[in-house]
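What follows is one structure encoded as structure tokens, with my remarks underneath.
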There are 2 protein chains.
Amino acid sequence: MNITLDDIARRAGVSRSTASRVLNNHPHVNPAVRERVWQAIRDTNYQPNHPARSLASRRSQVIGIVIPQPINALFADPYFPLLIEGIAQICNERQFSIMLELATTTTTDGNPYRLIGQRGFLDGAIVASAVEDEFLLQWLTRETIPVVVVGRITSHTSIPYVDVDNRYGAQKMIEHLLEQGYRRIATITGPMNIVAGRDRFAGYCDALTAAGLPVVHELVIEGNFSEQSGYNAMRTLLQCDPLPDAVFAASDMMALGALKAARAAGLDVPTDLALTGFDDIPLAAAMTPPLTTVRQPIGELGQSAARLLLDWISSAATQPAVQQVVLPTELIVRDSCTRSW
Amino acid sequence: MNITLDDIARRAGVSRSTASRVLNNHPHVNPAVRERVWQAIRDTNYQPNHPARSLASRRSQVIGIVIPQPINALFADPYFPLLIEGIAQICNERQFSIMLELATTTTTDGNPYRLIGQRGFLDGAIVASAVEDEFLLQWLTRETIPVVVVGRITSHTSIPYVDVDNRYGAQKMIEHLLEQGYRRIATITGPMNIVAGRDRFAGYCDALTAAGLPVVHELVIEGNFSEQSGYNAMRTLLQCDPLPDAVFAASDMMALGALKAARAAGLDVPTDLALTGFDDIPLAAAMTPPLTTVRQPIGELGQSAARLLLDWISSAATQPAVQQVVLPTELIVRDSCTRSW
DNA sequence: AGCGTAGTTGGAAGCGTTCCCAGTCAGTGG
DNA sequence: CCACTGACTGGGAACGCTTCCAACTACGCT
């Protein structure tokens, strides 16, 4: 029914082998023959059959993006879209396609990763999560295809990863607040079972320690990156006496929640309280007041991950040439931590 | 190197055919044999080879999501993520995988759709855009696999689509403003080359006409859904005399731009001017004041598209059973159009 | 003339499945 | 006791491509 390579070969008066060589740009084909084959391809609007190619060549030119988080939390902020966008740019350049594996439903055996089990389907995969998930790690260690993780994984040092420098980004943020004269700086941290949460908190501690200030227990509240958790954390902080003069939320969404809670309590930001976030989601600039935050180069993160993975795949080596990539963050100062006096 | 179905068959003491039958849940297999084969599969941790399966069965269990827009505009709002999420839910349920085709770079021949040309790769595709793009439409009409479009396409009535009722949603919004007592209602429309833009404007006209009010030319400004265009449009509207008492922006981002422009001109929303949007992006609720808007069931839209497509695929018919699905929208009333008197 | 060599080509063996087609065997009704 | 059925099973031909290997050609060198 469909046109096959045999049809092309016949039309061009060559063998299937030669037609295949032309299609794959192999050397050692007579230019005249090459042109004849291309002509036949054009005439017939021939499209190679993908499964047949992958089966024979043991390569699929497809990578997977695996997103293990429960999906409803997935797109609360534009992190994943931007990441995917970065990955897609590199993949498009290099003629790779992308499979999306959103681990929503758990299958009967409890393993949410279905697609990635199929042999020959993927040439490699990017895991977009720093959550240390049992099934995921199990799979990672067992898998035979190249896998790159976005976000540091502390428990498996042999797995290549790309990440942003969460720790130093948080540190710079606190340093900025200290420079502004704030001294009683609270933080609403991310979840401590996520490396990014731990790293950002570590940066907070670094800066305070370097300035000779103590990390005060009551000024540290754990959140989970969500707006609601920011709101709750702020309500807790409001019971401190004296109140903190600045609050560093480890995500912009938590900062938003915190802002609402502070406002509900009659406090003005930044007059009564400085507030800062992390991520620089679009909403951060649109908030009233615009939020000081830390920008992550999410697109570049995706690009780096894709480059690392694709280079690895084409090198056919056991280990990638580069094991880790850590990208810098950028402090974005806006009005939410402007001292008025 | 990898375990094949032959290995399983040998291990279970049956033929490859029988092993295949067990794997695919075919009837007419002795229960004892069936169990022996499953045992072998479990013992060896066997995973079927995807390309071989697709090649032999002429089915890939993969659908494509095609997003033709230039990618930088892609994730400005959470539309696509939510849509993909909806699609993914249905695909996961039915054991389908998703390929993401982000038409970023145009290839040398100008055709940005590369992946979807590969024979045997996809069982079907969802095109997530109402932009009427030359290459896309060309491809749509030539393609042999089932394709569903998200967003109405007016030029090819034979192509199945799912869409939200933009027109009626806009109409209800204007009706609400009329009920509130507003009479001089301006609108910042979407781009008129996009069906959603035209439909929302049509709804605006419907409501005014039904109320016996004229559509005043100077109160209609065309935008392009972006914040900047909303800002510019508002500046134009501010030159009207008398000023409009309400502005309906056809997207929340444009409403945000309009809000900034109004504020810059010293107007308060909603005291001096009512302002409403469309989309109900998360930012809408977080704005000051919270924005009255129209919510689209984007997740359901994705689900409907996926259901339509997968049903079509499994029916193996030329046309899907359902040709079109139109989902209702919901008016979300917040403070931005609350009359204070 | 003989020979190696490099460029070019075709033949054919896979790649790992699915699925059609016979074939076996036990059970059933005449 | 003999077809006849129907559940079950195995053999083998696809599916459409890549790639190894051998062969053929023309060429220039000794």
Side-chain angles (χ1 to χ4, degrees), chain A residues 1-38 40-41 44-62 95 117-123 144-145 314 316, chain B residues 1-38 40-41 44-62 95 117-123 144 316:
Chain A
M1 197 170 75
N2 268 323
I3 304 143
T4 72
L5 198 53
D6 267 316
D7 299 328
I8 299 299
R10 214 168 304 127
R11 223 163 197 279
V14 298
S15 73
R16 186 174 59 243
S17 316
T18 302
S20 170
R21 271 188 284 262
V22 172
L23 200 62
N24 294 294
N25 261 316
H26 285 189
H28 307 319
V29 178
N30 183 304
V33 172
R34 187 180 290 275
E35 183 45 41
R36 258 195 354 260
V37 173
W38 274 121
I41 291 175
T44 54
N45 199 20
Y46 166 74
Q47 302 275 18
N49 180 296
H50 179 82
R53 283 188 122 167
S54 341
L55 179 59
S57 66
R58 310 168 145 286
R59 256 176 274 121
S60 67
Q61 295 286 108
V62 176
Q95 315 270 66
Q118 306 243 27
R119 301 278 153 213
F121 204 173
L122 302 179
D123 286 347
T144 51
I145 57 171
S314 62
Chain B
M1 195 170 74
N2 268 322
I3 304 144
T4 73
L5 199 53
D6 269 315
D7 300 328
I8 299 299
R10 214 168 304 129
R11 223 163 197 278
V14 296
S15 73
R16 186 175 59 242
S17 313
T18 301
S20 170
R21 270 188 285 263
V22 172
L23 201 62
N24 295 292
N25 259 315
H26 285 189
H28 306 319
V29 178
N30 185 303
V33 172
R34 189 181 290 275
E35 184 43 43
R36 261 201 344 267
V37 173
W38 275 120
I41 290 175
T44 55
N45 199 19
Y46 164 76
Q47 300 278 18
N49 180 295
H50 180 82
R53 281 188 125 167
S54 335
L55 180 60
S57 67
R58 309 168 144 285
R59 255 177 275 122
S60 66
Q61 294 286 107
V62 176
Q95 314 270 65
Q118 305 241 29
R119 300 279 153 212
F121 203 173
L122 301 180
D123 286 347
T144 51

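Below, read A as the first sequence line, B as the second, and so on, with proteins coming before strands; counting in each chain starts at 1.
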[X] [atom1] to [N] [atom2], straight-line distance once rounded to whole Å:
| X | N | atom1 | atom2 | value |
| --- | --- | --- | --- | --- |
| B/Arg36 | D/dT9 | CZ | C1' | 12 Å |
| A/His28 | C/dA6 | NE2 | P | 10 Å |
| B/Arg10 | C/dG16 | CZ | C1' | 13 Å |
| A/Ile8 | D/dC17 | CD1 | P | 9 Å |
| A/His50 | D/dT18 | NE2 | C1' | 14 Å |
| B/Phe121 | D/dG16 | CZ | P | 17 Å |
| A/Gln61 | D/dC17 | CD | P | 16 Å |

Next item on the list: Heavy atoms under 4.0 Å is the rule here; annotate nucleotides 17-28 of chain C 5' to 3' with B where the base is hit, S where only the sugar-phosphate is, and - elsewhere.
Entry: BBB---------
Margin query: Do B/Tyr46 and B/Asp7 have side chains that approach each other closer than 4.5 Å (heavy atoms only, starting at C-beta)?
Written below: no
Next item on the list: State whether the side chain of A/Ser54 and the backbone N or O of B/Pro51 hold a donor-acceptor pair below 3.5 Å, judged by distance alone.
Entry: no
Check: Taking the side chain from A/Gln61 and the backbone from A/Gln95, do they hold a donor-acceptor pair closer than 3.5 Å?
Finding: yes
Notebook entry, point to check: Would you say B/Arg119 reaches D/dC15's phosphate, i.e. side-chain N/O to OP1/OP2 under 4.0 Å?
Noted result: no
Next item on the list: Verify the distance criterion only: is there a donor paired with an acceptor across the side chains of A/Asn30 and A/Arg36 at less than 3.5 Å?
Entry: no
Next item on the list: Step by step, work out the side-chain contact (heavy atoms from CB on, under 4.5 Å) result for A/Thr44 and A/Ile8.
Entry: CA-CA 8 Å; A/Thr44 54; A/Ile8 299 299; 3.2 Å; yes
Checklist line | Salt-bridge contact B/Arg16-B/Asp6 (side-chain N to carboxylate O under 4.0 Å) | finding: yes
Next item on the list: Among the candidates D/dG16, D/dG10, C/dT9, find the nucleotide nearest to the side-chain atoms of B/Leu55.
Entry: D/dG16
Notebook entry, point to check: Nearest to the side chain of B/Val29 - C/dG16, D/dT9, C/dT8?
Noted result: D/dT9
